[in-house]
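In what follows, a single structure is set out as structure tokens and then discussed.
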Amino acid sequence: MTCLAFGLAAAGASQLVFAQAAPVADEGDDPPAPLRGSETPVNAAAAPGATLPNALTNVISNGATNANLPRYDALKPAVSFWTRVFSQYSELQSVVHSSVYPNKVFMVLDYRDDATTTDKFVLDKRRRAEEADAKDHVDDVLKRVQAKQYAPETMSAEERRIYDLFADVPGADKFSKQIGTARVQRGLKERTENALEVSNRYLPSMEATFRNYGLPAQLTRLPLVESSFNLQAYSKSGAAGIWQFIPSSARIYMRLDDVVDDRRDPWTSTDAAARHLRDDYTRLQDWPLAITAYNHGRNGIARALDAINGKTLMDLIERWDGPRFGFASRNYYAEFLAAVDVERAYRERVGALRNSNPLEFEIVETRNYVPYDTLRRLCGASDEVFQRLNPAYRPEVIEGKLYVPPGHLIRVPYGSARAFEVGYAKLGSHERFDSQRALFLLHRIGRGDSLGKIARQYGVSQGAILKVNDLKSAHRLRVGAVLKIPPKTESRPGPITVAVGDATPQQTLQQKIVEAKEEQRDNDAAATKGATGRARKKAGFRTHKVQSGQTLSGIAQRYNVSVSDLRAANHLKGSNIRPGQKLKVPLDS
């Protein structure tokens, strides 16, 4: 690990050469019918260019192209810092800087050489420890500088550098005030380079969507801040997709249910984000505030303004010290402006090259409950292409456990809509259904039943039962009502599926419950027997490389292991996996 000391601006700024990618073809020539969109695969090649600071100088000096997105003088140092984070600092560099004055960099820990010889998990553990040590070291230096501030000639070179770094900050206690404020920001250069290439596929249609709502087109650069245009992005707080919607906001602006998570769809989520930002602006009447509200929440911003009798974002940054208005919220608008600058410099460099091979699509609509794979087959697309055009469907739908409902708009490769319609009309009753499949056991509440008793009976948590039944409290349970019971996936290889739509008229609800419970006992017994046998044998693993479209439950079924064992072997908290990821699969023999 190399430790580099930096001052107000990073010393020895490195050159940044973006990959050159052809932008998508103009969608303005698309015919009005059938519905049509465009997504262009990137064919990137390295291209020489000017160093980033020179390339960005003109862009930054020109300011935002939209007068509604002002550049406050007080934010310029923060914008400069985030510009370097996006375009100069590597993901293998840890920037230790002041959280009060982000542009004041104490040191940079450089792991680029170590990454070529050290296991990434070992390196990451060491890196986290050294980042913590670096912050403690900064505090020690600040204490010494505070004590020697009136005798700078007695300072060491490191102490003098910190002393000079804060020369523009007033106050005799300015160094002691900085103790405890050191923060680590890892660089985003490589991720941003990739994001700019990926954005070529989506920005033209995204800009068109925002313009249709009368919004500044530059707002479409927010995914550079939110997700680096990673369609699979998923945060610890449950935010997903390129626009990083949390579930509560997503349910207001799009579909989020057992069948579809529209946050994963870049086109649908963009429309939702446009309406979200429009509502933020309607409430706050100022774009810097509305953009900050996308991160912080519009109601929280409105309450903070009322508390300080403020009107602008700078009022909040300078005068509001609410506990939730922390570093991320204070810096969000500066991050956005930096992303705009970096993206614009990239566009100026790649010029007006056109991509001659866009991936185009048409849109068709379902009229019945239909298996996902049937729809894919009708349009003649590969698994990869069909999922790329329709990325919102849940794993249960892709695996055929649930059907695609009627009224869903399906994207198909351009030119295949007519063949799709013809094939759809010929589907038999074995591929078109009038009702959805169910992935739950059904339990009719009897006298003496309580939520705890029912949960223990089926081996699931009370919270899980409340969640799948959209109940906030057990007090809403009543005798005779039917509860959906989620599958006990942690204790057996696969969930119990009660296909309600496939039941014969003679089958009563109770019969289905009894049959499902019998199946559950058989599966539990088999799983217990298998687990006991495996425990006697030496543990071992095989390796599985995740392919596009695969899910954790599907891989578990393929190798006849439980999802919980697969999670444990790979230290996974959820079920999110990505193409190319290598999974350890426990051997069952």
Side-chain angles (χ1 to χ4, degrees), residues 37-40 42 188 191-192 194-210 213 215 219-280 291 293-297 328 332 335-336 339 343 359 361 363 372 384-398 404 408-411 546 548-552 573-581:
S38 178
E39 179 190 5
T40 305
V42 172
L188 296 170
R191 192 179 304 179
T192 302
N194 181 69
L196 290 170
E197 295 170 11
V198 172
S199 70
N200 284 318
R201 309 171 188 174
Y202 305 108
L203 279 178
S205 62
M206 291 171 67
E207 289 182 345
T209 297
F210 271 65
Y213 283 106
L215 306 178
L219 296 177
T220 58
R221 277 57 177 176
L222 270 175
L224 289 169
V225 177
E226 287 288 334
S227 64
S228 297
F229 273 92
N230 178 7
L231 272 66
Q232 305 303 319
Y234 196 90
S235 74
K236 294 180 180 178
S237 61
I242 65 171
W243 288 97
Q244 288 290 279
F245 272 89
I246 60 175
S248 57
S249 296
R251 291 188 177 95
I252 298 173
Y253 293 100
M254 65 186 93
R255 295 174 303 181
L256 179 58
D257 52 37
D258 294 337
V259 172
V260 163
D261 183 352
D262 272 338
R263 299 177 299 172
R264 305 282 190 188
D265 188 307
W267 299 280
T268 305
S269 63
T270 292
D271 187 89
R275 288 181 282 117
H276 189 302
L277 284 161
R278 180 191 61 184
D279 292 347
D280 289 337
I291 290 169
Y294 191 83
N295 169 268
H296 185 79
Y332 193 74
E335 282 189 72
F336 164 71
E343 191 270 342
L359 177 62
F361 59 82
I363 298 178
Y372 174 93
E384 181 180 0
V385 169
F386 192 71
Q387 190 168 358
R388 188 180 186 187
L389 293 175
N390 302 277
Y393 288 106
R394 299 280 197 180
E396 291 80 4
V397 175
I398 296 173
V404 176
H408 274 225
L409 300 179
I410 307 296
R411 300 185 190 93
V546 179
S548 178
Q550 288 187 324
T551 63
L552 199 65
K573 294 183 178 180
S575 297
N576 291 314
I577 54 178
R578 62 184 184 278
Q581 181 178 356

Exercise: do Glu226 and Tyr332 side chains pair donor with acceptor under 3.5 Å |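 Per modelled atom types, Glu226 and Tyr332 side chains form a pair under 3.5 Å.
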Return yes if a side-chain donor-acceptor contact under 3.5 Å exists between Tyr253 and Asp271, otherwise no.
->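 Looking only at side-chain atoms, Asp271 and Tyr253 do not form any donor-acceptor pair under 3.5 Å.
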Any side-chain heavy atom of [X] sitting closer than 4.5 Å to one from [Y]?
X      : Y      : result
Asn194 : Phe229 : no
Pro266 : Ser205 : no
His408 : Val259 : yes
Asp258 : Glu396 : no

Which pair of non-hydrogen atoms, one from [X] and one from [Y], has the smallest distance, and what is that distance?
X      : Y      : answer
Val260 : Asp262 : CG1-OD1, 3.1 Å
Gly238 : Arg263 : O-NH1, 2.7 Å
Leu224 : Ala195 : CD2-CB, 3.7 Å
Trp243 : Ala273 : CD2-CB, 3.3 Å
Tyr234 : Ala240 : CD1-CB, 3.7 Å
Tyr393 : Ile398 : O-CD1, 3.8 Å

Between Tyr202 and Trp267, how do the two ring planes meet: parallel, tilted or perpendicular, split at 30° and 60°?
-> perpendicular
Considering residues, nucleotides and ligands other than Gln581, do more than 12 of their heavy atoms fall under 6.0 Å from its CD?
-> yes
Is there a side-chain contact (heavy atoms from CB on, under 4.5 Å) between Ile410 and Phe386 once you walk through the steps?
-> CA-CA 9 Å; Ile410 307 296; Phe386 192 71; 3.7 Å; yes
Inter-residue atom distance [X].[atom1] - [Y].[atom2], 0.5 Å rounding:
X      : Y      : atom1 : atom2 : result
Met206 : Ser199 : CE    : OG    : 8.5 Å
Leu231 : Ile242 : CG    : CD1   : 6.0 Å
Ile246 : Leu256 : CD1   : CG    : 11.0 Å
Leu219 : Thr209 : CG    : OG1   : 12.5 Å
Phe245 : Arg264 : CZ    : CZ    : 14.0 Å
Arg578 : Gln232 : CZ    : CD    : 10.5 Å

Please assess Leu222 against Leu277 for the test side-chain contact (heavy atoms from CB on, under 4.5 Å), listing each intermediate value before the final yes or no.
-> CA-CA 11 Å; Leu222 270 175; Leu277 284 161; 4.0 Å; yes
Salt-bridge contact Arg221-Glu335 (side-chain N to carboxylate O under 4.0 Å) |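 Result for this pair is no, no salt bridge flagged.
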Donor-acceptor pair, distance only, cut-off 3.5 Å: does the side chain of [X] make one with the backbone of [Y]?
X      : Y      : answer
Ser228 : Asn230 : no
Tyr294 : Asp280 : no
Asp279 : His276 : no

Give the intermediate values and the outcome of side-chain contact (heavy atoms from CB on, under 4.5 Å) for residues Glu343 and Leu203.
-> CA-CA 11 Å; Glu343 191 270 342; Leu203 279 178; 3.7 Å; yes
Quiz item: cation-pi between Arg411 and Phe361, 6.0 Å / 45° =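 Pair Arg411/Phe361 counts as cation-pi.
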